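Please read the structure below before turning to the comments.
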There are 2 protein chains.
Amino acid sequence: MAKYLNEFDATMQMIQGKWKIIILYELAETGQGRFGELQRHIQNVSHKTLANQLRELEADGLIIRHDFETAEPHVEYRLSENGKSLIPILDAICTWGDTHVNHNLIERSLCDE
Amino acid sequence: MAKYLNEFDATMQMIQGKWKIIILYELAETGQGRFGELQRHIQNVSHKTLANQLRELEADGLIIRHDFETAEPHVEYRLSENGKSLIPILDAICTWGDTHVNHNLIERSLCDE
DNA sequence: CTGAATCCATTAGGATACTG
DNA sequence: CAGTATCCTAATGGATTCAG
């Protein structure tokens with residue numbers, strides 16, 4: 001059962017990162033997006049951080065970067081097949097959180113106020 | 001689709017942490033374990049870090065801590081129902097990693113050597 | 001045995017400015 | 001527009017020591 005821990009860690013490395021899943025979902029919904037579009041849609045992400053996360057996602061083979069190499073810089077990102085196959089996993093995590101996490105959060109938020 | 005991102009983050013917070021999943025799997029396999037047993041079975045984890053991760057898992061409701069309160073300190077940890085319900089998700093992540101990650105890792109390890 | 005406290009190294013990520 | 005470089009802060013986790 002625990003013999004796939006290396007694969008677990010490798011997968012976690014890929015989806016850990018404050019904005020990576022938001023990026024993946026954004027690309028899953030829109031099909032593709034330019035750097036500036038992503039930055040506008042994903043509020044509060046800094047320029048540098050978005051660039052970092054995109055590079056890591058690309059290095060991990062989850063997204064594909066297409067540089068049009070025109071005079072006016074134009075780059076588009078989209079999900080790779082690997083990236084697409086990850087979406088159901090992300091959905092499963094969201095669903096688990098929705099049914100198991102909320103109550104904990106509510107209890108805690110009462111302590112915070 | 002992306003409306004559960006808060007739940008995603010909350011779930012990720014719970015399972016991020018260098019040893020948390022190893023702890024969860026260990027408890028899933030053995031049923032329960034004492035602090036010292038966990039430290040022996042999980043090689044390379046420091047005393048403090050194991051204590052930290054156990055406290056966080058307990059605070060998140062994924063494991064249950066039972067203090068026998070005997071003269072000779074005796075504490076056992078086991079999965080809560082929430083913790084058990086998370087195992088299939090972890091398995092799904094492992095399985096995805098097994099079928100999608102390995103090749104990337106192999107390609108990279110060639111670069112490292 | 002279990003766990004808390006202190007000190008320290010590493011890393012992620014934000015702010016900003018600069019390049020092509 | 002897209003990307004890089006520098007500086008800075010907060011959080012993670014390891015080593016060690018102390019306490020019940």
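Keep in mind that what you see is a predicted model, and the values were worked out from it rather than measured. A, B, ... follow the sequence lines: proteins, then strands. Residue 1 opens every chain.
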Open item on the list: Rounded to whole Å, how long is the line connecting atom NE2 of B/His66 with atom C1' of C/dT2?
Closed with: 15 Å
- [ ] Could you check how far CD of A/Gln16 sits from C1' of C/dA12, rounded to whole Å?
- [x] 11 Å
TODO: Would you please indicate yes or no on a ring centroid separation below 6.0 angstrom for B/Tyr25 and B/His41?
DONE: no
Open item on the list: Contact between B/Thr30 and B/Glu26 at the side-chain level, heavy atoms closer than 4.5 Å - yes or no?
Closed with: yes
Open item on the list: Reading DNA chain D from 5' onward, which residue's closest nucleotide shows up sooner: B/Val45 or A/Val75?
Closed with: A/Val75
Open item on the list: I need the full list of ring-ring contact (aromatic ring centres under 6.0 Å, His included) pairs touching residues 48-69 of chain B, with sequence neighbours left out, sorted by first then second residue.
Closed with: B/His66-B/Phe68, B/Phe68-B/His74
For residues 11-20 of chain B, which side-chain N or O atoms pair as donor and acceptor with protein atoms under 3.5 Å away, sequence neighbours left out?
unit_1: B/Thr11; atom_1: OG1; unit_2: B/Glu7; atom_2: O; d: 2.7
unit_1: B/Lys20; atom_1: NZ; unit_2: B/Glu56; atom_2: OE1; d: 2.8

Open item on the list: Strictly below 4.0 Å: does B/Arg55 bring a side-chain N or O up to OP1 or OP2 of C/dA4?
Closed with: yes
TODO: Give a yes or no on whether A/Val75 and A/Ile63 share a hydrophobic cluster (residues Ile, Leu, Val, Met, Phe, Trp, Tyr; joining criterion: side-chain heavy atoms under 4.5 Å apart).
DONE: yes
TODO: Could you tell me the separation between the CZ atom of B/Phe35 and the P atom of C/dC1, rounded to a whole number of Å?
DONE: 10 Å
- [ ] Answer yes or no: does a side-chain N or O of B/Arg34 lie under 4.0 Å from OP1 or OP2 of C/dT2?
- [x] yes
- [ ] In whole angstrom, give the distance that lies between atom CZ of B/Phe68 and atom C1' of C/dT2.
- [x] 14 Å
Task: Distance in angstrom units between A/Met12 CE and C/dA12 P, rounded - done: 14 Å
Task: Gap between atoms CD and P, on B/Glu69 and C/dC1 respectively (whole Å) - done: 19 Å
- [ ] Please report the closest heavy-atom contact between A/Ile21 and A/Leu90, naming both atoms and the distance.
- [x] CG2-CD1, 3.7 Å
Task: Salt-bridge present (A/Lys84, A/Glu81; N to O < 4.0 Å) - done: yes
Task: Contact boundaries on DNA chain D for chain B, cut-off under 4.0 Å to non-hydrogen atoms - done: D/dG13 to D/dG20
TODO: Could you note down all residue pairs passing salt bridge (charged side-chain N to carboxylate O under 4.0 Å, His left out) where residues 40-55 of chain B supplies at least one of them, sequence neighbours left out?
DONE: none
- [ ] Could you tell me whether A/Tyr77 contacts a base, only the sugar-phosphate backbone, or nothing, with contacts defined as non-hydrogen atoms closer than 4.0 Å?
- [x] sugar-phosphate
Using nucleotides 16-20 of chain C, report all nitrogen or oxygen pairs with the protein that are shorter than 3.5 Å.
none

TODO: Could you check how far CZ of B/Arg40 sits from C1' of C/dC1, rounded to whole Å?
DONE: 10 Å
Task: Spacing between A/Asn52 atom CG and C/dG14 atom P, to the nearest angstrom - done: 10 Å
- [ ] Just jot down the ring-ring contact (aromatic ring centres under 6.0 Å, His included) partners of A/Trp96, sequence neighbours excluded, or say none.
- [x] A/His100
